[in-house]
Amino acid sequence: RWRKWQIRARIQSSIDRNLAQAMNELERIGNLLSLPKSVKDEAALIYRKAVEKGLVRGRSIESVVAAAIYAACRRMKIARTLDEISQYTKANRKEVARCYRLLLRELDVEVPVSDSKDYVTRIGSLLRLSGAVMKTAAEILDKAKTVGLTAGKDPAGLAAAAIYIAALQNDDRRTQKEIAQVAGVTEVTVRNRYKELINELKIQIPTQ
Amino acid sequence: MNIENIVATVTLDQNLDLYAMERSIPNIEYDPDQFPGLIFRLEQPKVTSLIFKSGKMVVTGAKSTDELIKAVKRIIKTLRRYSIRILGKPKIQIQNIVASANLHVHVNLDKAAFLLENNMYEPEQFPGLIFRMDEPKVVLLIFSSGKMVITGAKREDEVYKAVRKIFEKLNELECISAVEEEEELEL
DNA sequence: GCTTTAAAAAGTAAGGT
DNA sequence: ACCTTACTTTAAAAAGC
């Protein structure tokens, strides 16, 4: 009937308005993070699902957009921390994380367990490391995972430590400080993971 | 397995004057602008109680049912000592039990995250795998060390059941490996 | 949804010496 | 580098905003 049609049209237009605003936000944050178009498209898809399921009600569009971007990055294996993403929003990391968990629970969006090797790529490009260093770091992380050293640990910290070791072994010394900074963890964490890796994996560090 | 905390509600069928209680009872926190409940800390057994003007209270911190009952009796005795009229006997209901357990095995969280349903494993946010069990309806935080936290249970047997069940499940899914353990000191 | 309370797990963080 | 303190996660109730 006319009334029913009217209600549906009103809901549709509110979804449209929400989407238009969200797509602007997505574009803005995505560009600030230099995300490839494929990730922004994926995030848009996830956000659209969230709106259609009414998950944005009572939450800021911005934080749900940020959560969708984080989920898209994870799916596309583009390493970005929640802190990196939430810094461009008014919402804090905790709120974006809450929205992200909501998306995982309510939408059938498959997100793989985060892989520390994705962070190797990210840190490597920020520090302009050679392919050889990144390859060595990836091998260290594979070994660490096999031995069960990685469970429960922040993948960014693991990647940072592996890169620190790999750089030393490839004669391209980087400081724990610079690696920690781009990885988004503290020097203490890099040092702790580093010690654990060289001790448990019996890694020899070039003298000095 | 160890019960770490019990959250219970206590119902007294009467209204209470929280302002009068704040005036007469020492070591009480009451700031209605911040929270409608009055905060009362009992030192033995060490529990904390939130007391509301409706005569309902929330008691947290007890590590056993005995301790909980003893604590409620002492709280009421204390209130009476400060001449707060308490009629009738209190109705105690356990709302949540938090427990810890140790499977004494190493758990492959990556594999478990892939094979278990209703789980969340986000090591950048929290080191434990969060598993929502349907029956009994509890939530388990599972760590690679084999230690875990069980919460959401209303009865002690639900905790035992949940631990037994998760062990069997992880075992079937081959997410468990033995770990040589230096025996821990018992207190 | 938020506020307050308690408690464990393991990782990370921050401040002090 | 160490130590201490504190924050992340989970559940549940109370009354009020």
Dump the pairs, protein N or O against N or O of nucleotides 2-6 of chain D, anything under 3.5 Å, distances to one decimal.
none

What is the separation between atom CZ on F40(B) and atom C1' on dA14(D), rounded to the nearest whole Å? 17 Å

Within the 4.0 Å heavy-atom criterion, would you say V58(B) contacts the bases, only the backbone, or no part of the nucleic acid? base

Do the side chains of E158(B) and R155(B) get close enough for a salt bridge, i.e. N-O under 4.0 angstrom? yes

What does S49(B) touch in the nucleic acid at a heavy-atom separation under 4.0 angstrom: a base, only the sugar-phosphate, or nothing? nothing

Ring centroid separation F126(B) to F143(B) under 6.0 Å: yes

Do the side chains of E84(A) and R122(A) get close enough for a salt bridge, i.e. N-O under 4.0 angstrom? yes

Taking dT4(C) as the reference, what is the distance to dA6(D) when you measure between their P atoms (whole Å, please)? 16 Å

With heavy atoms under 4.0 Å as the rule, sort R59(A) into base, sugar-phosphate or nothing. nothing

Atom CG of N92(A) and atom C1' of dC7(D) are separated, to the nearest Å, by 13 Å

Across the strands shown, which category fits L140(B) at heavy-atom distances under 4.0 angstrom: base, sugar-phosphate, nothing? nothing

Ion pair check, E29(B) and R41(B), cut-off under 4.0 Å: yes

Using ring centroids (six-membered ring only for Trp), state whether Y30(B) and Y19(B) fall under 6.0 Å. yes

Among V65(A), V109(A), V111(A), which residue satisfies the side-chain contact (heavy atoms from CB on, under 4.5 Å) criterion with I46(A)? V109(A)

Between dC2(C) and dT8(D) - P atom distance, rounded Å: 12 Å

Considering every strand and a 4.0 Å limit on heavy-atom distances, what is the contact class for S145(B): base, sugar-phosphate, or nothing? sugar-phosphate

Sticking with atom P, work out how far dC7(D) lies from dT3(C), rounded to a whole angstrom. 13 Å

Taking only Watson-Crick and G-U wobble pairs with both distances under 3.5 Å, what dot-bracket line describes DNA chain C, where [ ] shows pairs that cross earlier ones and | shows pairs with another strand? |||||..|.||||||||

SB check K117(A) D142(A) (cutoff 4.0 Å): yes

Given L141(A), which partner from the list I163(A), L158(A), L149(A) fulfils the side-chain contact (heavy atoms from CB on, under 4.5 Å) test? L158(A)

Sugar-phosphate, base or nothing in reach of R57(A), heavy atoms under 4.0 Å: nothing

Under 4.0 Å, heavy atoms only, any strand: does G37(B) hit a base, just the sugar-phosphate, or nothing? nothing

Nucleotide interval of DNA chain C bounded by contacts with chain B (heavy-atom cut-off, under 4.0 Å): dT3(C) to dG11(C)

P-based separation of dA13(C) from dT9(D) [nearest Å]: 15 Å

Under 4.0 Å between any heavy atoms, over every strand shown, what does V185(A) touch: base, sugar-phosphate, or nothing? Just pick one. sugar-phosphate

